[in-house]
Engineer: 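Can you read through this structure? Questions will come right after.
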Amino acid sequence: MTGSRTGSRLRTLIATWAVTRAFLLLCVFRVLDMPGSDVAVDIEVIYQGWYGVLRTGIFPYDDVTWQYPPAAALAVLAPGLLPFLNYAPAFFLVCFAADAAVLALLLYAVRDGRRSRRGVWVWVAGVPLLGPIVYARYDVMVTAVAVAALLALGRRPRAAGALAGFGTLLKVWPMLLLIGVERGPRTRSAWSSAMVTVVVLAMLFAAAMPGALAFLTFQRDRGTEVESLGSLVFHLGRHFGWHGRARLHYGSVEFLGRHVHAVSALALGLSLLAFGWLLLWRLKARTFTPCTPSDAAFTAVLLFTTTSRVISPQYVVWLIGLAAVCATARASRQAGLPVALVLAVAPLTQLEFPIWFSHVVASDKLGVATLTLRNALLVAATVVACRRLWRATVPVPAARLDGPERASELASR
């Protein structure tokens with residue numbers, strides 16, 4: 001009876017994934033019309049343009065919209081594996097395959113019952129909540145690599161490090177995946193493998209294809225994007241006399257005008273403070289459990305997503321993937337409220353882009369309210385995740401504990 005019930009739940013899970021993904025494919029193939037901005041335009045114009053340049057053996061280093069590490073070329077070139085399709089349809093199917101790979105990785109991780117299947121449901125439900133943007137950017141491919149790296153950390157730290165290093169050359173943020181690896185041989189194995197992978201692949205790309213490092217300049221020159229936390233200053237300022245503009249700039253819609261540089265610098269400062277907090281946590285953490293690496297990675301990516309000058313909607317798929325890994329760990333401190341907040345962020349992100357993006361760009365009441373709520377939930381998820389990670393891993397000095405707390409602390413040792 002138990003086996004039958006388990007099989008029925010698995011079939012329900014897979015059927016739900018199949019139905020929701022069919023809906024996303026129908027949206028990006030324009031069989032179903034989504035309100036708001038067309039998420040597929042970037043693939044048909046920008047990505048396909050990069051594809052044409054990359055096929056010649058060079059990076060699009062004179063294109064300011066190319067702001068990605070060199071291994072991103074592999075993601076842009078991947079649709080070439082389906083030569084019988086035009087570029088955009090092939091790209092959507094590659095993203096669909098990456099989505100299926102994440103599902104397969106999570107199902108394999110929970111196969112023996114030691115991990116919870118609720119993590120699989122986080123992925124199955126979270127992706128459609130974010131909407132068709134998941135199949136219209138290459139971030140789901142990076143997320144698949146990140147999920148594989150985190151799930152491999154338990155038994156294969158060198159392989160996990162190599163995957164994290166490869167992910168770093170795809171889109172930088174996977175460098176944060178190893179922040180929570182237990183000190184000692186596991187850290188040395190994972191981190192050294194990641195560093196070797198990054199250095200070797202970067203050298204190969206630099207030697208083989210001119211312009212491999214051009215992305216560093218373009219990233220440096222980016223400003224405050226209209227969906228970021230800092231952008232709320234200007235959205236509200238427009239209602240009180242600020243006369244800046246929202247324009248396409250460096251590949252995204254950014255604010256241009258007075259004080260934008262100051263707010264962008266403040267966002268960079270917040271990211272540096274986030275990095276400082278992570279270093280402090282790493283130095284003080286003493287209690288490492290099997291779920292600490294995924295909890296720490298989830299927290300770190302939340303920190304840098306929330307404080308970034310740019311919060312593109314597809315970034316949320318990173319958080320959904322890491323949240324899914326956390327939720328498979330039965331002892332995870334992040335599997336409750338922080339994961340729930342990220343799942344709440346996903347539909348709000350779909351509302352602000354693509355559905356109500358014109359309202360966001362116009363800074364009208366609907367756009368500002370939606371964006372404010374989305375960003376407030378991101379901040380809340382970040383604060384709660386940081387607090388839970390700290391309390392789970394950093395011991396409290398005995399002098400600060402009263403009677404009941406001290407008894408609980410001693411009992412947990």
Side-chain angles (χ1 to χ4, degrees), residues 17 20-21 24-25 27-29 39-40 42-44 46-51 54-55 59-60 65-83 85 87-108 122-124 126-128 130-152 159-160 162-177 194 197-198 201-202 205 212 215 251 297 301 305 312-325 346 349:
W17 179 86
T20 55
R21 275 39 177 196
L24 295 181
L25 286 172
C27 289
V28 291
F29 278 101
V39 299
D42 280 14
I43 305 303
E44 296 168 339
I46 298 175
Y47 278 54
Q48 190 163 352
W50 293 337
Y51 177 77
L54 290 166
R55 287 185 65 189
F59 283 91
T65 62
W66 178 260
Q67 300 164 7
Y68 308 107
L74 301 178
V76 176
L77 290 169
L81 298 172
L82 303 174
L85 291 174
Y87 184 82
F91 186 91
F92 302 146
L93 291 180
V94 171
C95 290
F96 171 77
D99 180 1
V102 175
L103 176 69
L105 287 166
L106 292 169
L107 287 174
Y108 184 79
V122 168
W123 180 255
V124 169
V127 167
L130 183 57
I133 189 70
V134 175
Y135 288 174
R137 303 293 186 273
Y138 82 91
D139 295 77
V140 68
M141 305 181 202
V142 188
T143 303
V145 174
V147 169
L150 282 180
L151 292 175
L163 286 167
F166 176 61
T168 298
L169 287 180
L170 278 171
K171 206 160 187 182
V172 180
W173 66 267
M175 71 168 57
L176 301 170
L177 296 175
T197 301
V198 169
L201 288 181
F205 275 111
F215 76 99
V301 175
T305 300
S312 295
Q314 64 268 22
Y315 292 5
V316 178
V317 76
W318 315 342
L319 300 175
I320 295 170
L322 300 185
V325 176
T349 300

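Quick note: residue numbers are just sequence positions, from 1. Source: prediction; values computed, not measured.
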Engineer: So, the side chain of R55 versus the backbone of L77: is there a donor-acceptor pair under 3.5 Å, distance only?
Structural biologist: no

Engineer: Ignoring hydrogens and angles, write down the donor-acceptor pairs under 3.5 Å from the side chains of residues 162-169, residues two or more places apart or on other chains.
Structural biologist:
{"residue": "T168", "atom": "OG1", "partner": "A164", "partner atom": "O", "Å": "2.9"}
{"residue": "T168", "atom": "OG1", "partner": "M175", "partner atom": "N", "Å": "3.1"}

Engineer: What pair of heavy atoms forms the shortest contact from V317 to L130, and how long is it?
Structural biologist: N-CD2, 3.6 Å

Engineer: Which of these, V325, V142, L177, sits in a side-chain contact (heavy atoms from CB on, under 4.5 Å) with V147?
Structural biologist: V325

Engineer: Quick one: closest heavy-atom pair of L106 and A324, and the distance?
Structural biologist: CD1-CB, 3.9 Å

Engineer: With a 4.5 Å cut-off on side-chain heavy atoms, are W173 and T143 touching?
Structural biologist: yes

Engineer: Anything under 3.5 Å between a donor and an acceptor, one on a side chain of residues 87-103, the other on a protein residue two or more places apart or in another chain? List them.
Structural biologist:
{"residue": "Y87", "atom": "OH", "partner": "V76", "partner atom": "O", "Å": "2.7"}
{"residue": "D99", "atom": "OD1", "partner": "W17", "partner atom": "NE1", "Å": "3.2"}
{"residue": "D99", "atom": "OD1", "partner": "R21", "partner atom": "NH2", "Å": "3.4"}
{"residue": "D99", "atom": "OD1", "partner": "W123", "partner atom": "NE1", "Å": "2.7"}
{"residue": "D99", "atom": "OD2", "partner": "R21", "partner atom": "NE", "Å": "2.6"}
{"residue": "D99", "atom": "OD2", "partner": "Y135", "partner atom": "OH", "Å": "2.6"}

Engineer: How long is the span from the CG atom in L54 to the CH2 atom in W66, to the nearest 0.5 Å?
Structural biologist: 5.0 Å

Engineer: Taking the six-membered ring for Trp, are W50 and Y68 ring centroids under 6.0 Å apart?
Structural biologist: yes

Engineer: Distance check, rounded to the nearest 0.5 Å: D139 atom CG versus I320 atom CD1?
Structural biologist: 11.5 Å

Engineer: Quick one, Y138 and Q314 - any side-chain contact, counting heavy atoms below 4.5 Å?
Structural biologist: no

Engineer: Any side-chain heavy atom of L150 sitting closer than 4.5 Å to one from L322?
Structural biologist: yes

Engineer: Over all heavy atoms of both residues, which pair between P313 and I133 is shortest? Give the atoms and the distance, please.
Structural biologist: CG-CG1, 4.4 Å

Engineer: Taking all non-hydrogen atoms of both residues, which atom of G126 and which atom of A346 are closest, and how far apart?
Structural biologist: O-CB, 4.1 Å

Engineer: Nearest heavy-atom pair of L105 and L151: which atoms, and what distance?
Structural biologist: O-CD1, 3.6 Å

Engineer: Grab the two heavy atoms, one from Y51 and one from G80, that are nearest each other, plus how far apart they are.
Structural biologist: OH-CA, 3.5 Å

